[in-house]
Number of protein chains: 2
Amino acid sequence: MKKKLPTELSGIKEIARRANVSIATVDRVIHKRTGVSLKTRDKINKIISDLDYQPNLLARRLASRKTIRIATLIPKIGGESSFWEAPLRGIEQAESELRQMGIIIEKFFFDQEDSETFIKQSRLLLRHEPDGILIAPSFVDEAIEFTTTCKERHIPFVYINSDIPEQKSLCYIGPDLYRSGYLAGNLISYLVNDNQEILITNVTKELEDRHHLVRKEEGLRAYFADHKRNNVIRTIDVLQFDADSIESALSLQLNENKNIGVVFVTNSRVASVANYLKSFNHDVLLVGYDFLKENIEYLNEGVIDFLICQKPVEQAYRGVMSLYQHLVLSTTVEDIYLMPIDIITKENYAYYRN
Amino acid sequence: MKKKLPTELSGIKEIARRANVSIATVDRVIHKRTGVSLKTRDKINKIISDLDYQPNLLARRLASRKTIRIATLIPKIGGESSFWEAPLRGIEQAESELRQMGIIIEKFFFDQEDSETFIKQSRLLLRHEPDGILIAPSFVDEAIEFTTTCKERHIPFVYINSDIPEQKSLCYIGPDLYRSGYLAGNLISYLVNDNQEILITNVTKELEDRHHLVRKEEGLRAYFADHKRNNVIRTIDVLQFDADSIESALSLQLNENKNIGVVFVTNSRVASVANYLKSFNHDVLLVGYDFLKENIEYLNEGVIDFLICQKPVEQAYRGVMSLYQHLVLSTTVEDIYLMPIDIITKENYAYYRN
DNA sequence: ACAAGTTACGGTAACGTACACGGAAAACCA
DNA sequence: TGGTTTTCCGTGTACGTTACCGTAACTTGT
């Protein structure tokens with residue numbers, strides 16, 4: 001380590017010296033506050049760009065007496081899918097990194113099967129008057145209403161995991177659902193020959209948002225159409241998560257259509273399907289979504305062949321960080337950040353970072 | 001934004017108040033400096049742990065008059081493979097983030113085909129007396145000699161991209177070569193039927209480090225052995241990068257062995273092979289390594305089917321960050337960080353982040 | 001022309017930490 | 001006992017910013 005050279009005054013002080021004003025005045029123009037004549041403002045701005053001045057963020061956060069507060073609203077964990085554990089981890093990681101910066105995060109949760117809880121929690125959240133909001137808009141209509149009032153109050157918000165394009169505020173961070181289905185098509189096209197069939201399986205309750213699954217299905221079908229592969233592609237919906245419902249729905253299909261080569265499950269509920277295929281010893285390839293513990297187990301056993309995953313931890317982490325960048329650094333952030341579409345197999349899952 | 005509550009004095013000052021000493025004394029015990037009686041040292045330490053005091057890193061960096069310097073030593077870009085562009089970008093990204101923190105990075109480059117330049121540059125680097133070093137140990141013996149003197153001088157270093165386990169200092173960040181070959185085997189096993197053959201192709205000059213390629217080949221062969229698949233697997237070495245050399249080496253193989261179904265290129269030179277396959281209209285699947293511009297072009301054209309990639313940008317970024325964590329935050333860092341093994345196809349490359 | 005208001009700016013105490021300097025008390029030596 | 005060293009600790013300034021407070025100088029209204 002080396003002593004810093006007695007470098008010619010950097011920062012705001014040097015600007016002040018060159019402009020023959022006090023640092024307070026420089027501070028005013030930097031923060032676009034009033035109380036500076038046009039002439040000196042211009043002079044100072046010129047010096048700032050001449051010097052390519054970059055404010056020292058350390059000093060800035062240190063001196064600022066503000067605490068900025070970010071609120072998050074995502075589904076609560078528990079229930080039949082552990083998917084939202086990962087985004088929660090991402091939020092907590094961002095939290096621990098930002099605490100130093102004087103930023104606190106307040107977390108709110110709703111029940112994915114009950115839109116009322118979404119409304120309640122979003123109201124509660126607003127009462128805390130956060131400076132920025134991270135939100136997973138599982139219920140489209142309710143989310144639109146909520147973000148409308150956010151806009152009125154000029155509170156920036158970011159969507160994660162699924163987008164509502166018309167409502168965009170700061171940014172969207174999450175998967176490109178259509179492309180991820182398209183990729184699945186790409187992958188599956190290597191796995192089937194021309195006379196094998198593909199079974200698309202949507203495992204979802206009726207009241208959940210089906211938009212997700214539909215987009216993925218469209219993507220897959222588009223891939224086969226675009227590449228002139230004429231395999232039969234069937235779709236079934238399974239509306240309950242219990243083993244019996246899954247068994248009856250799938251066995252019907254698999255027994256009637258003996259040349260189904262690949263089953264594609266459009267969400268993270270693929271473990272239930274794997275459970276069925278395993279116990280009935282069906283020899284088909286299985287492709288699904290998301291790096292969940294239960295899915296990984298079946299991947300490891302060879303029942304699931306491929307999982308497609310889109311870094312749920314990072315989605316939330318980046319979401320919070322985008323708010324930070326916007327609120328603290330006032331950097332412009334990309335208004336849409338699409339996550340990579342990762343392919344996970346038995347042989348690389350151990351190295352995957354969510 | 002909310003005014004920070006007039007929170008009961010946090011930090012060093014509060015500790016000083018409770019211990020009835022000045023902040024300077026607290027500072028002494030925090031930094032384990034001499035000049036504090038055992039009694040007060042104990043008292044202060046107790047208060048510190050009672051309060052679960054976490055030093056404010058912002059203030060610390062701000063007040064510190066030290067500049068800490070990190071040196072990097074990687075192959076120079078240009079030449080026949082643009083692989084090292086990516087790690088350089090990672091270094092530069094870390095640099096821009098850390099500049100704020102009063103950290104400067106000095107970059108050194110060597111010629112991958114000339115070990116003398118490695119020795120020269122490493123000596124030059126040492127003369128700059130950096131506080132930490134990031135190094136790509138392309139030349140094993142020379143790297144060992146270099147890092148030995150690093151150890152003598154107590155300069156921490158991290159390896160990226162390839163490891164020399166016996167010499168570990170701070171950490172290694174890079175791929176698990178064997179597993180990445182194993183994954184290739186996994187992938188390829190889906191692409192061939194039992195009577196098709198696989199051609200492993202090493203495109204490399206003699207004096208380069210072959211260790212990389214061999215490990216990957218071992219991984220692939222191990223996968224097929226472990227899974228009792230008895231496909232014929234051939235290996236050829238191509239020692240020149242020009243189109244003619246590649247053509248003669250490959251055409252020999254492909255014409256003699258008509259049922260080669262997949263060509264696996266063990267490094268980023270896969271574009272050259274793709275070029276050959278394309279111009280001679282060979283209809284085999286092609287799997288290779290690394291997200292390079294030229295590779296992506298062939299991926300997009302459908303000549304390359306899969307690329308395996310291991311986040312070269314992030315490797316270097318994390319490497320620098322590990323040094324930062326160790327030198328500035330004195331956090332303990334994992335001594336080995338293996339990168340994910342990513343699978344890239346035509347349909348997901350656009351979303352890949354190196 | 002004078003009070004009142006407005007505009008444009010300077011001074012300065014924080015923020016939490018690092019560190020140089022210096023001084024009092026204790027310990028040692030003669 | 002007086003002097004010298006050593007041990008232990010406090011004071012003060014600095015790091016680059018923020019933001020409150022104060023105050024000239026200028027404008028406006030009557």
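Order of the sequence lines sets the chain letters (A, B, ...), proteins ahead of strands, with each chain counted from 1.
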ask   = Is there a donor and acceptor pair, one atom on the side chain of A/R28 and one on the base of C/dG10, closer than 3.5 Å?
value = yes
remark   = Closest of C/dG16, D/dT17, D/dC9 to the B/V36 side chain is D/dC9
ask   = Is the distance from OP1 or OP2 of D/dA19 to the nearest side-chain N or O of A/R33 less than 4.0 Å?
value = yes
remark   = When rounded to whole Å, the NZ to C1' distance for the pair B/K13 and D/dT11 reads 14 Å
task = Determine the minimum heavy-atom distance between A/I30 and A/Y53, stating which atoms define it.
result = CD1-CE2, 3.6 Å
request  = Nearest whole angstrom, please: distance from the P of C/dG11 to the CG of A/N20.
outcome  = 12 Å
message = Does the Lys NZ or Arg CZ of A/R123 fall within the cation-pi geometry relative to A/F146 - under 6.0 Å from the ring centre and within 45° of the axis?
response = no
inquiry  = Considering every strand and a 4.0 Å limit on heavy-atom distances, what is the contact class for A/T34: base, sugar-phosphate, or nothing?
reply    = nothing
query = Within less than 4.0 Å of OP1 or OP2 of C/dC15, is there a side-chain N or O belonging to A/K66?
reply = no
Ion pair A/E85/A/R89, N-O distance below 4.0 Å = no
request  = Let me know the distance between NZ of A/K43 and P of C/dA8, rounded to the nearest Å.
outcome  = 14 Å
remark   = When A/L58 and B/G35 are each assigned the nearest nucleotide of DNA chain D, the 5'-most assignment goes to B/G35
message = Distance check needed: C/dC21 C1' versus B/I23 CD1, whole Å only.
response = 15 Å
key: Atom pair distance, as rounded to whole Å: CD1 in A/I30 and P in D/dG16   = 13 Å
task = Find the distance B/K32:NZ to C/dA18:C1' and express it as a whole number of Å.
result = 17 Å
query = Is the phosphate of C/dC9, meaning OP1 or OP2, less than 4.0 Å from a side-chain N or O of A/T40?
reply = yes
ask   = Does B/P55 or A/A24 map to a spot on DNA chain C nearer the 5' end, using the closest nucleotide for each?
value = A/A24
task = Run the ring-centre check on A/Y352 versus A/F291 and record whether the distance is less than 6.0 Å.
result = yes
ask   = Rounded to the nearest Å, what distance is computed from the CG atom of residue B/D42 to the C1' atom of nucleotide D/dC9?
value = 17 Å
task = For B/D27, answer base if it contacts any base atom (sugar-phosphate contacts may also be present), sugar-phosphate if it contacts only those atoms, and nothing otherwise; contact means non-hydrogen atoms under 4.0 Å.
result = base
inquiry  = Nearest to the side chain of A/S37, heavy atoms from C-beta on, is which of C/dA18, C/dC9, D/dG10?
reply    = C/dC9
ask   = Centres of the A/F108 and A/F110 rings: under 6.0 Å?
value = no
Residue met sooner reading DNA chain D from 5', once B/L38 and A/R60 are mapped to nucleotides = B/L38
ask   = When you check the phosphate oxygens OP1 and OP2 of C/dA8, does a side-chain N or O of A/T25 lie under 4.0 Å from one of them?
value = no
request  = Send over the distance from B/Y53 OH to C/dG16 P, rounded to a whole Å.
outcome  = 10 Å
